[in-house]
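Report on the structure given below.
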Amino acid sequence: MRSRPIGFLVSTLAGAALAFGGTTASASPAAAPAPDSASAVTARAADGCYTWSGTLREGSSGEAVRQLQIRVAGYPGTGNQIAIDGAFGPATKAAVSRFQAAYGLAADGIAGPATFNKIYQLQDDDCTPVNFTYAELNRCNSDWSGGKVSAATARANALVTMWKLQAMRHAMGDRPMTVNGGFRSVSCNSAVGGAANSRHLYGHAADLGAGSQGFCALAQAARNHGFTEILGPGYPGHNDHTHVAGGSGRFWSAPSCGI
């Protein structure tokens, strides 16, 4: 929910006090944060996407936990992925701890103001991480339709994929990453000769260009950030990109990279 301006709240409280026979101080209402202040930036980020209230810890549940799980999906530990199910269990606690450690926060696995403020800094108003966009994850069509799942599900899966990529990018020194494609409809997948059961059809996948990291470094790093499918150099048809995806099962093959 978008916050009311401080001046509005002060004026409202003052009016309420007068109505009940109270008195108010004569001082002027507190000024709102300067446009470029840290508190103003945090407020804009929180208002623009999703705002958490209270602290989340192991045993918590609900939509607030599910939203948190999306943001820490890239910190499940090597070879793992966390469920986006709204239940704050041991795996979510461990992921929160890794996220906190990655950004120099107290790594206690409890999501409170410091953790949420860091997330606010990392997300845009549409809830995508600041370094990735829906447009990058869908070069097929404008409405996410025609895949193996509903358009809403494909888009939601792509959001999780982006947060995994954000974690991977940070671990690799915050250098730009090149995303050449993501979601495909059945027709788009057929046009590029994709596998009939490709995870691109579900919004889980992204194909990465070499960028400054190189294909093998990308494939190796992906193992630590929730990607259950990694295909790269040495695997047929993947010498010119690194493919990463979430979803069920695990299949990693980039023989030229030792994977």
Side-chain angles (χ1 to χ4, degrees), residues 66-67 69-76 79-86 123-124 126-129 131-169 177-211 215-216 218-255 257 259:
R66 193 184 73 84
Q67 292 291 336
Q69 289 170 327
I70 292 169
R71 275 67 167 188
V72 300
Y75 294 91
N80 297 318
Q81 66 177 340
I82 66 169
I84 312 297
D85 59 4
Q123 68 186 7
D124 281 329
D126 63 355
C127 298
T128 59
N131 297 115
F132 297 94
T133 67
Y134 281 116
E136 288 177 294
L137 269 291
N138 182 359
R139 301 181 189 276
C140 171
N141 58 37
S142 61
D143 61 6
W144 300 83
S145 65
K148 292 286 191 177
V149 292
S150 70
T153 298
R155 197 171 190 269
N157 289 340
L159 181 62
V160 176
T161 299
M162 282 186 272
W163 279 100
K164 291 179 180 181
L165 291 173
Q166 185 71 32
M168 185 171 149
R169 183 186 191 275
M177 290 173 62
T178 302
V179 180
N180 293 326
F183 168 75
R184 298 174 190 158
S185 66
V186 172
S187 59
C188 286
N189 190 59
S190 296
V192 298
N197 63 342
S198 171
R199 296 191 189 183
H200 286 283
L201 295 163
Y202 300 85
H204 284 305
D207 289 339
L208 307 178
F215 295 133
C216 284
L218 291 166
Q220 290 160 353
R223 296 174 296 181
N224 303 319
H225 297 289
F227 292 109
T228 57
E229 184 172 87
I230 304 168
L231 305 174
Y235 185 79
H238 290 74
N239 287 324
D240 61 352
H241 69 283
T242 293
H243 165 94
V244 296
S248 60
R250 186 198 299 176
F251 183 60
W252 294 351
S253 183
C257 307
I259 299 172

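Only this structure's heavy atoms are used, side chains among them; waters, hydrogens and symmetry mates stay out.
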Identify the heavy atoms of [X] and [Y] that sit nearest to each other, and give their distance.
X    : Y    : result
G234 : N239 : N-OD1, 2.8 Å
T178 : N180 : CG2-OD1, 3.4 Å
F183 : L201 : CE1-O, 3.8 Å
T153 : S150 : OG1-OG, 3.0 Å
T161 : A206 : CG2-CB, 4.2 Å
L208 : M168 : CD1-CE, 4.0 Å

Straight-line distance of [X] [atom1] to [Y] [atom2], nearest 0.5 Å:
X    : Y    : atom1 : atom2 : value
T128 : W163 : OG1   : CH2   : 8.0 Å
H241 : L218 : NE2   : CG    : 11.5 Å
N138 : W144 : CG    : CH2   : 4.5 Å
F215 : D240 : CZ    : CG    : 6.0 Å

Mind checking whether [X] and [Y] have side chains closer than 4.5 Å, heavy atoms only?
X    : Y    : value
R71  : C127 : yes
V179 : M162 : no
H200 : H243 : yes
T133 : D124 : no
C216 : T242 : no

Quick one: do D126 and R155 make a salt bridge, cutoff under 4.0 Å?
->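 Looking at D126 and R155, the cut-off is not met.
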Polar side-chain atom of [X] near backbone of [Y] as donor-acceptor pair, under 3.5 Å:
X    : Y    : value
R199 : G246 : yes
N189 : A196 : no
Q69  : D85  : yes

Let me see the working for N131 and M177 under side-chain contact (heavy atoms from CB on, under 4.5 Å), right down to the final yes or no.
-> CA-CA 9 Å; N131 297 115; M177 290 173 62; over 6 Å; no
Do the ring planes of H204 and Y202 sit parallel (below 30°), tilted (30 to 60°) or perpendicular (above 60°)?
->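 Rings of H204 and Y202: parallel, under 30°.
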Parallel, tilted or perpendicular: which describes the rings of Y235 and F251, with under 30° parallel and over 60° perpendicular?
->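 Judged by the thresholds at 30° and 60°, the geometry between Y235 and F251 is perpendicular.
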